[in-house]
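Notes follow once the structure below has been shown.
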Amino acid sequence: MKKQVQELIAQSLKSLESKEILPTTEQINITVENSRDSAHGDFATNIAMVLAKVAKTNPRQLAQNIIEYLPESDILEKTEIAGPGFINFFLKQNTHQSVIIDILDKGDNYGDSNIGNNTPTLVEFVSANPTGPLHIGHGRGAAYGAVVANLLKKAGYDVSCEYYVNDAGRQMDILAVSVWLRYLQHCGQDISFPENGYKGDYINDIAIALHLEHADKFVTVPEKLLSLYNEEDAELKIDMLIKYCTEELGKENYRLVFDAGLNHILETIKTDLVNFGVKFDTWFSERSLVDDDIVTTCITKLIENDWVYEKDGAQWFRSSKLGDEKDRVLIRENGQATYFASDIAYHLSKVERGFEKIIDIWGADHHGYIARVKASMQALGLAPEKLEILLVQFATLYRGKERLQMSTRSGEFITLEELQNEVGKDATRFFYIMRKSEQHLDFDMELAKSQSNDNPVYYIQYAHARICSVFRQIPEKGYTYKQEEALKDLSVLTEPQEIKLLSVLARYPEVIENAAQAYEPHQLVYYLKDLANDFHSYYNTSQFLIDNNEIRNARLVLIVAIKQVIKNTLSLIGVSSPEEM
RNA sequence: GCCCUGGUAGCUCAGCUGGAUAGAGCGUCCCCCUCCUAAGGGGAAGGUCGCAGGUUCGACUCCUGCUCAGGGCACCA
């Protein structure tokens, strides 16, 4: 609808140009906005004010000219000039009502758009290290990423969701050692556990399972091990333990212990995400980048193009030449590649797999990383503008006023699974999405759990359930309802609340496009609140199941359309649309 | 010190690529179930949009400086 108005204005401007009232301009953006106040009509444009200067006339005069040259249209009732030079457009009644036909016709696909033009798009999110279960911080990234992906799909992008599995690197070695030590304890050895090992209970579970499968296969003489405990520096100690563990067990056995931990935790993560309604198309292994020599290929390529130099025994990438604060290490003094090196290879892989739009969703604490990744893409000639990095701020959990502290290493944190079990999937997904992602989120479990009007999830779901309830009562009250019949005469929908609802419904496709392009799922939440509010208000003032056939039918199709749009939106967010509550 | 993010009603937050009297929920006060779920609706009070400049027809929105809060500045991930 808005686009049609835009088109009318564009044509008028063309006429004005040919009459030389307006100078010929190249592309101008004609902004048309939804009027906030119905006294200002349905749409308004500021174009006359924007062009007044180049037209060398005053805005109101120009507005008058634009209106005069507006082509005939059967959607417009009238136009008005208002304020400093706004043009307000009033639509004909039947124009509003046609949206119902559109919605029922498209059903679940109402709101689909093709602005994405099937662009191959990769959304990578969560990507938590498989060193422990997902906690509430990961939950926000999971919910946010899933909805961004859903939005992009609906907007016509060809989307794949990927989880990057950090199955290489020191943290994973620490995990393996943690498992091994618990295993030794389980086998009866009297050894203490290092402070910076992973202490969660799940490590014990893995150790026990390891023992069940392999019995005493990984047991070694404790004396040498115990001598390592004299080291006072905790970080150094854990590195020594890793070294000792790999040497003592040998490559093959070490891998068995390592994989036992990795696979167990990865399974937990996968299960948690499935239960949370978050699906990934691919699980991309960091180790595969090393094994397939993609990391070395990248580094070689960088060296060839003189992006690398040696200093203090390490290999450095000249990222400061490409907008980063300083140069970054690729290969450490000890010969190991850094996480950053794998990440360069990973992004090369993303591009090589044909993705035109690459979206990384990271926790806000990684923001310092953006410049170096973009720099590396540029150095490899990979068009860094393809990469879009979205940051998600942290979430803090509250129980009413009480702030729940969480410390990650100690293993005392609330997991996503626990949160979901207590609060429920719908409320959890909704609350995570409710705030703008760059806004810190205070997640109040008490509010999320409350089945009251304070809780926006129930408020919206209730609107859907209420509509279903009305339909259940049609036969009870002795009425019948046929959609084809009802669609024949929508002209009786003339109440201000009905017109309001129709225009909110018509706005939906635009909400999708805006939310998708801005990567802002919270826009869906605010839209739903508006729609639900308008519906509840309508429900309170207007009876649906009444004797007048025309009005009853028209009102029933209207609320069917509302139901459809609520359902479409909730499903994008990953929240169910209950038929009764 | 440098870099991000935020500072809007008592509280939690929206505010679309700058636009016509700044919005919602909660909280406070008042009102509405002989009627399709009151898990609902209506109304009132409540704001120098952190501070100071600037850009222009017009700024919560853009620019500069300052200030407060959170986060980041590793041969860790």
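Reckoned from all heavy atoms, side chains included, excluding hydrogens, waters and symmetry mates. To find a chain, count down the sequence lines: A is the first, B the second, and so on, and within it residues start at 1.
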Going by modelled atom types, is there a donor-acceptor pair between the base of A20(B) and the side chain of Asn88(A) at under 3.5 Å?
yes
Under the 3.5 Å rule, do the base of G40(B) and the side chain of Asn540(A) count as making a donor-acceptor pair?
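Under the 3.5 Å cut-off, the side chain and the base do form a donor-acceptor pair.
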Applying a 4.0 Å non-hydrogen cut-off, can you work out what Asn46(A) is touching in the nucleic acid: base, sugar-phosphate, or nothing?
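Asn46(A): base contact, heavy atoms under 4.0 Å.
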Would you indicate what Tyr369(A) reaches in the nucleic acid, counting non-hydrogen atoms under 4.0 angstrom: base, sugar-phosphate, or nothing?
base
Paired nucleotide for [N] [Watson-Crick or G-U wobble; both distances under 3.5 Å]:
N: C60(B); result: none
N: G46(B); result: none
N: U5(B); result: A69(B)
N: U34(B); result: none
N: U12(B); result: A24(B)

Please check the phosphate of A38(B) (OP1 and OP2 only) for any side-chain N or O of Arg466(A) closer than 4.0 Å.
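True: Arg466(A) side-chain N/O within range (under 4.0 Å) of A38(B) OP1/OP2.
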Return no unless some side-chain N or O of Ser469(A) is found under 4.0 Å from OP1 or OP2 of U37(B).
yes
Protein proximity profile, nucleotides 4-16 of chain B - base contact B, sugar-phosphate-only contact S, no contact -, cut-off 4.0 Å on heavy atoms:
SSS-----SSSSB
Under a 3.5 Å cutoff, is there a donor and acceptor pairing between the side chains of Glu286(A) and Asn166(A)?
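A pair is found: one side chain offers a donor N or O, the other an acceptor, under 3.5 Å apart.
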Which of the following nucleotides, C75(B), A77(B), G41(B), is nearest to the side chain of Ser537(A)?
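So the nucleotide nearest the side chain must be G41(B).
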Could you check which of G72(B), C36(B), A77(B) has an atom nearest any side-chain atom of Asp365(A)?
G72(B)
Using 30° and 60° as the class limits, which term best fits the ring planes of Tyr369(A) and Phe340(A): parallel, tilted or perpendicular?
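Rings of Tyr369(A) and Phe340(A): perpendicular, over 60°.
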Whether Phe544(A) and Phe535(A) hold their rings parallel, tilted or perpendicular, with breakpoints at 30° and 60°
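Parallel, since the angle between the ring planes stays under 30°.
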How far does the P atom of G65(B) sit from the matching atom of A44(B), given to the nearest Å?
43 Å
Quick check: Tyr432(A) with Phe443(A) (ring centres under 6.0 Å apart)?
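Distance test on ring centres: under 6.0 Å, yes.
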Checking Ser178(A) side chain against Ile174(A) main chain: does a donor-acceptor pair fall under 3.5 Å?
yes
Treating His464(A) as the side-chain partner and Ile460(A) as the backbone partner, does any N or O pair qualify as donor plus acceptor under 3.5 Å?
no
Report yes if the ring of Phe86(A) lies under 5.5 Å from the six-membered base ring of A20(B) with planes under 30°, and no otherwise.
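Stacked: centres under 5.5 Å apart, planes under 30°.
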